[in-house]
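Worksheet: the structure to be examined is printed underneath.
Keep in mind that the numbers below use all heavy atoms, side chains included, and drop hydrogens, waters and symmetry copies. Computed from a predicted model, the values in this text were never measured in an experiment.
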Protein chains: 2
Amino acid sequence: MIEDLEMSNALLPIGFCDLLPSDAEAEASLVQWIMSAFNDYGYERVSPPLLEFEQSLLANAGSGIAEQTFRVMDPETHYMMGLRPDITPQIARIAATRLINSPRPLRLSYAGPCILVSGAKHSAARQILQAGIELIGVDSPQADAEIITIIAAALAMEDVLPSISIDLMMPQLANTIIQTESFDEQQTKILMRALDRKDVAAVQKYGGGLSGILTTMLQAAGPADRAINMLKGLDLPQEAQQIFDRLLTVVEAVQAHNPDLQLTIDPVEFRGWNYHTGLCFSVYINGVSGEVGRGGRYLSDNGEPACGLTLRPDLLLPLINFDEHIRERVFVPFGHTIQELTSLRQDGYILIMGLTADEDAQAEACRLNCNYILQGKELQAVAE
Amino acid sequence: MIEDLEMSNALLPIGFCDLLPSDAEAEASLVQWIMSAFNDYGYERVSPPLLEFEQSLLANAGSGIAEQTFRVMDPETHYMMGLRPDITPQIARIAATRLINSPRPLRLSYAGPCILVSGAKHSAARQILQAGIELIGVDSPQADAEIITIIAAALAMEDVLPSISIDLMMPQLANTIIQTESFDEQQTKILMRALDRKDVAAVQKYGGGLSGILTTMLQAAGPADRAINMLKGLDLPQEAQQIFDRLLTVVEAVQAHNPDLQLTIDPVEFRGWNYHTGLCFSVYINGVSGEVGRGGRYLSDNGEPACGLTLRPDLLLPLINFDEHIRERVFVPFGHTIQELTSLRQDGYILIMGLTADEDAQAEACRLNCNYILQGKELQAVAE
């Protein structure tokens, strides 16, 4: 493998990249917009470090991320430190330690890069960007609905992004239903696999007395209103009914906050939700394969109830057209001082200072992609 | 060492920290302000990755940072990757590869975290934040002056930061002067050490025919106008005179751009400037020990002339009082929807949503540090 790889200084490891001018600016603006929306609803920013001791990084909610974590030894203590692959466990740690005495519900937000040992299904990226919120200390459908609503508000950028849809899942639901029948371990495994594969025929074959309920649940997957109508007709076991009723309350609350938000429900989805304890959400957007955000209800450190969602602003970058917001550039011929240019700068122009007296201002302005040249106190358009 | 360290999940490695709400927000705002000022003058943002192959990270301008670089093995290629301790060498790489065909002068900016193996003299921090600019492809005093002027503009935050001062150094000057006399290696070493220690007596004792010049240079260190007056009277060797003349041109150009900027000159300082080839700058600010930014003229990859400066916004954080800019918080009792609150949000209020119907709104508002409660469509001040 090494032999084939011609090393040059331009080569970056797979999954890492340089963001060049307009993309780097667009990403920073996007994060700024999202964080500002989070802040509008009282989610206060915290910023944990990129590296911390493996022992704390991978404790509790972090235990699932061990195999995605690069480690280095701390020369000070000889303990291993991990390079975070995910920020959420760090937020749980902060909530349970430094902010343990802050009033609940605790609303926190964060944004920053994470490093993965290997790329994920839909993306080879190993440096990813996360921006998210956590609502810690309260377990209620209103809290779940707040998270969904605020994520939708943060992504409501009409002129730059297509509208999003949020998929709601109850990873405990299928298992809760299946446990009401006395299937043996092997039957349970077959049935769960059939549900995971959305294999209606197999569900009908192996579902026993639950075939009808489980088939309807499979077929209900889709837009929230339709799914709810189909699920409402089912005679669910009591515990499953409670999970479903909670979903109903969340959907009603979200729709009250934001009637236009596209919600879908996937009643039998459970894969990939390991430490979550209630409703889970994935965020989708036209033009990006795979989810652009995910989250749900879980137990934070110290067993505090919590709900959160993490967006991946880096995945949105290809969709965003910031061209309309690009500022016009003015070539300022040599001899002007920055002090004279305050009003142009305040008017939003980008100022490109000429550095030598003998240059052809018109040619320089053109070469440096400027829209105008400053002539005396006037702006003169650059000939194309 | 390990025995004494009681591990708890709240413990972070020395030099790493959690930024809590108001600090994390202040740091993000500060970076946003600085980057926006850089952008005003055409410095376009690029964003290189946190990790890259050791071979490219430590090539050329990066060779000085090897011992501050943590490494991990890339499981894909089995090559070593380094966690960047500095962004400037990455910018040089980008300029010489992906942006090699972009018109010169190339004006680039960057901001992001870096990781050091061990803390520096004035700070134990091992995760540091850099924000800087590089002006690549031109070697002139006007280019040096532009860098200084724009750094000053980016830090001109009258209501939050004390004013800065910028110290100008010519690391080649002392050596250039000493080489005009036929000192042997030992004498040269003694004399350079005396200059480094600002030891006037030793300089007079060992300086031979240069004692007068070197003593005056030592004594000239201080405010730029005074220093220049003292240095102007010296009969410098030709090459040294050229270095000094260039300094004069830079100072004049900076003063034309910004007459109020505090400039100092340290004519004999050379320590710590290894790969720089011309004028160097340190940025100081009252209340922070050590420099808050540094940079100067160097050769970028491919031997392109370049000048740049890197700020450390994290060091400015203790100085900044963002309290005046904190937005007022409104407690919104349960039952309101986010849709109804658009105008309050647009007016700049932070909205804290009540999550249950049975709570005492007044008590909740007070407990959650809100300034107002929404009553119907009116804001009612919260009793202290």
Problem - Proximal component of B:Gln339, with respect to chain A [non-hydrogen, under 4.5 Å] - result: both
Practice task
Please identify each residue that fulfils side chain to side chain donor-acceptor pair (under 3.5 Å) with B:Arg329, with sequence neighbours left out.
Solution key: none
Exercise for the section: Enter the distance from B:Arg98:CZ to A:Asp18:CG here, rounded to the nearest 0.5 Å. Expected result: 4.5 Å
Exercise for the section: Let me know if B:Ile115 has heavy atoms under 4.5 Å from chain A in its side chain, its backbone, both or neither. Expected result: side chain
Exercise for the section: Would you name the heavy atoms of A:Ala24 and B:Arg45 that are closest together and state the gap between them? Expected result: CB-O, 3.3 Å
Handout entry: Contact class of B:Tyr110 relative to chain A, heavy atoms under 4.5 angstrom
Key = neither
Practice task
With side-chain contact (heavy atoms from CB on, under 4.5 Å) as the test, would you mind laying out the steps for A:Leu11 and B:Gln55 before giving the verdict?
Solution key: CA-CA 10 Å; A:Leu11 185 73; B:Gln55 179 176 329; over 6 Å; no
Problem - Contact winner vs chain B - A:Pro49, A:Gly15, A:Cys17, heavy-atom pairs under 4.5 Å - result: A:Pro49
Problem - Neighbour count above 12 (heavy atom, 6.0 Å) for A:Ile14 CD1 - result: no
Practice task
Name the member of B:Gly348, B:Pro259, B:Cys370 that forms the most heavy-atom pairs with chain A at distances under 4.5 Å.
Solution key: B:Pro259
Handout entry: Under 4.5 Å from a heavy atom of chain B, the part of A:Phe334 involved
Key = side chain
Handout entry: Partner chain B: residue of A:Met35, A:Glu52, A:Gln127, A:Glu44 with the largest heavy-atom pair count (under 4.5 Å)
Key = A:Gln127
Handout entry: CG-CG distance between A:Asp40 and B:Leu344, expressed to the nearest 0.5 angstrom
Key = 11.0 Å
Problem - Minimum heavy-atom distance A:Met73-B:Phe70, with the two atoms named - result: O-CE2, 3.4 Å
Exercise for the section: Sort out for me which of A:Ile350, A:Thr97, A:Asp301 touches chain B most, counting heavy-atom pairs under 4.5 Å. Expected result: A:Ile350
Handout entry: Nearest heavy-atom neighbours spanning B:Arg367 and A:Pro105
Key = NH2-CD, 4.0 Å
Handout entry: A:Val138 portion near chain B, given a 4.5 angstrom heavy-atom threshold
Key = side chain
Practice task
For residues B:Ile338 and A:His257, report the shortest heavy-atom separation together with the two atoms involved.
Solution key: N-ND1, 2.9 Å
Handout entry: Under 4.5 Å from any heavy atom of chain A - which part of B:Met353
Key = both
Exercise for the section: Please lay out, stage by stage, how B:Leu135 and A:Leu355 fare under the test side-chain contact (heavy atoms from CB on, under 4.5 Å). Expected result: CA-CA 11 Å; B:Leu135 177 50; A:Leu355 292 171; 4.2 Å; yes
Practice task
Would you check, one step at a time, whether the test side-chain contact (heavy atoms from CB on, under 4.5 Å) holds for B:Arg327 with A:Asn39?
Solution key: CA-CA 10 Å; B:Arg327 293 156 64 189; A:Asn39 198 27; 3.5 Å; yes
Completion exercise
Smallest heavy-atom separation, A:Phe53 atom then B:Leu12 atom, equals CE1-C, 3.8 Å
Exercise for the section: Decide side-chain contact (heavy atoms from CB on, under 4.5 Å) for A:Arg126 and B:Asp74; before the verdict, give the C-alpha distance in whole Å, the side-chain angles of both, and the deciding distance to 0.1 Å. Expected result: CA-CA 11 Å; A:Arg126 291 197 281 169; B:Asp74 177 16; 2.9 Å; yes
Practice task
Would you mind checking which part of B:Leu341 comes under 4.5 Å of any heavy atom in chain A, side chain (CB onward), backbone (N, CA, C, O), both or neither?
Solution key: neither
Problem - Side chains of A:Thr77 and B:Pro13 in contact at under 4.5 Å (non-hydrogen atoms) - result: no
Exercise for the section: May I ask you to name which of A:Leu57, A:Thr149, A:Leu51 has the most heavy-atom pairs under 4.5 Å with chain B? Expected result: A:Leu51
Practice task
Give, as side chain, backbone, both or neither, the part of B:Leu50 having an atom under 4.5 angstrom from any heavy atom of chain A.
Solution key: both
Problem - For B:Pro21 against A:Leu99, the heavy-atom pair lying closest together - result: CD-CD1, 4.3 Å
Problem - Under 3.5 Å donor-acceptor, B:Arg71 side chain and A:Val72 backbone - result: no
